[in-house]
Amino acid sequence: MTLQEMLREIPRLTTREQLLLLEAVSRSLRADLDAYDMHGSAERLLGIITTDEELTDEDVERIRFEHLTEKHS
């Protein structure tokens, strides 16, 4: 079922069915947000910076510091 089909069906559901659907979507979103919050910012940015070798936390902090000091110099 496509999203468009689901959206057409929602008004046809009973109030109880709509509430159950709302609860299911809410649970799914909470689970996704909880999983997202459990990762550090480095994991969220994975793949944005390409390097020949893996960066350590110290490397990232050094790059960040250099970037901030260059902008304010």
Side-chain angles (χ1 to χ4, degrees):
M1 182 178 277
T2 67
L3 175 61
Q4 296 301 331
E5 291 170 330
M6 287 188 278
L7 293 174
R8 277 194 302 269
E9 291 299 318
I10 291 172
R12 297 178 184 158
L13 299 174
T14 66
T15 302
R16 177 167 171 67
E17 291 170 331
Q18 288 181 20
L19 286 171
L20 290 171
L21 175 61
L22 181 61
E23 288 174 12
V25 170
S26 178
R27 271 193 309 276
S28 176
L29 287 171
R30 272 195 307 275
D32 287 348
L33 289 174
D34 289 345
Y36 181 79
D37 287 342
M38 291 174 63
H39 297 292
S41 59
E43 287 83 7
R44 285 185 233 153
L45 297 175
L46 188 62
I48 289 178
I49 300 173
T50 57
T51 62
D52 293 334
E53 56 189 61
E54 191 170 322
L55 296 174
T56 65
D57 289 342
E58 291 80 19
D59 292 330
V60 173
E61 191 60 32
R62 178 185 47 76
I63 293 168
R64 185 174 163 266
F65 176 78
E66 289 171 359
H67 176 74
L68 290 174
T69 56
E70 286 174 7
K71 287 202 173 228
H72 296 341
S73 296

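What you see is a predicted model, and the numbers here were worked out from it, not measured in a lab. All heavy atoms count here, side chains included; hydrogens, waters and symmetry mates do not.
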- Going from CE on Met1 to CG on Leu7, what distance comes out if it is rounded to the nearest 0.5 angstrom? 10.5 Å
- Determine, step by step, whether Glu58 and Arg62 satisfy the salt bridge (charged side-chain N to carboxylate O under 4.0 Å, His left out) criterion, reporting the C-alpha distance in whole Å, the side-chain angles of both residues, the deciding distance to 0.1 Å, and the verdict. CA-CA 6 Å; Glu58 291 80 19; Arg62 178 185 47 76; over 6 Å; no
- Query: Roughly how far, to the nearest 0.5 Å, is OG1 of Thr15 from CG of Leu20?
  - Reply: 11.0 Å
- Considering all heavy atoms of both residues, which atom of Gln18 and which atom of Ile10 are nearest to each other, and what is their separation? NE2-O, 3.0 Å
- Task: Please collect all salt bridge (charged side-chain N to carboxylate O under 4.0 Å, His left out) contacts where either partner lies in residues 16-29, sequence neighbours excluded, each pair once.
- Result: none
- Message: Please check: side-chain N/O of Ser26 versus main-chain N/O of Leu22, any donor-acceptor pairing under 3.5 Å?
- Response: no
- Checking Asp32 side chain against Leu29 main chain: does a donor-acceptor pair fall under 3.5 Å? no
- Message: Measuring from atom CG of Leu19 to atom CG of Leu13, what distance do you get when rounded to the nearest 0.5 angstrom?
- Response: 10.5 Å
- Message: Can you tell me which residue among Glu66, His67, Glu61 is in a side-chain contact (heavy atoms from CB on, under 4.5 Å) with Arg64?
- Response: Glu61
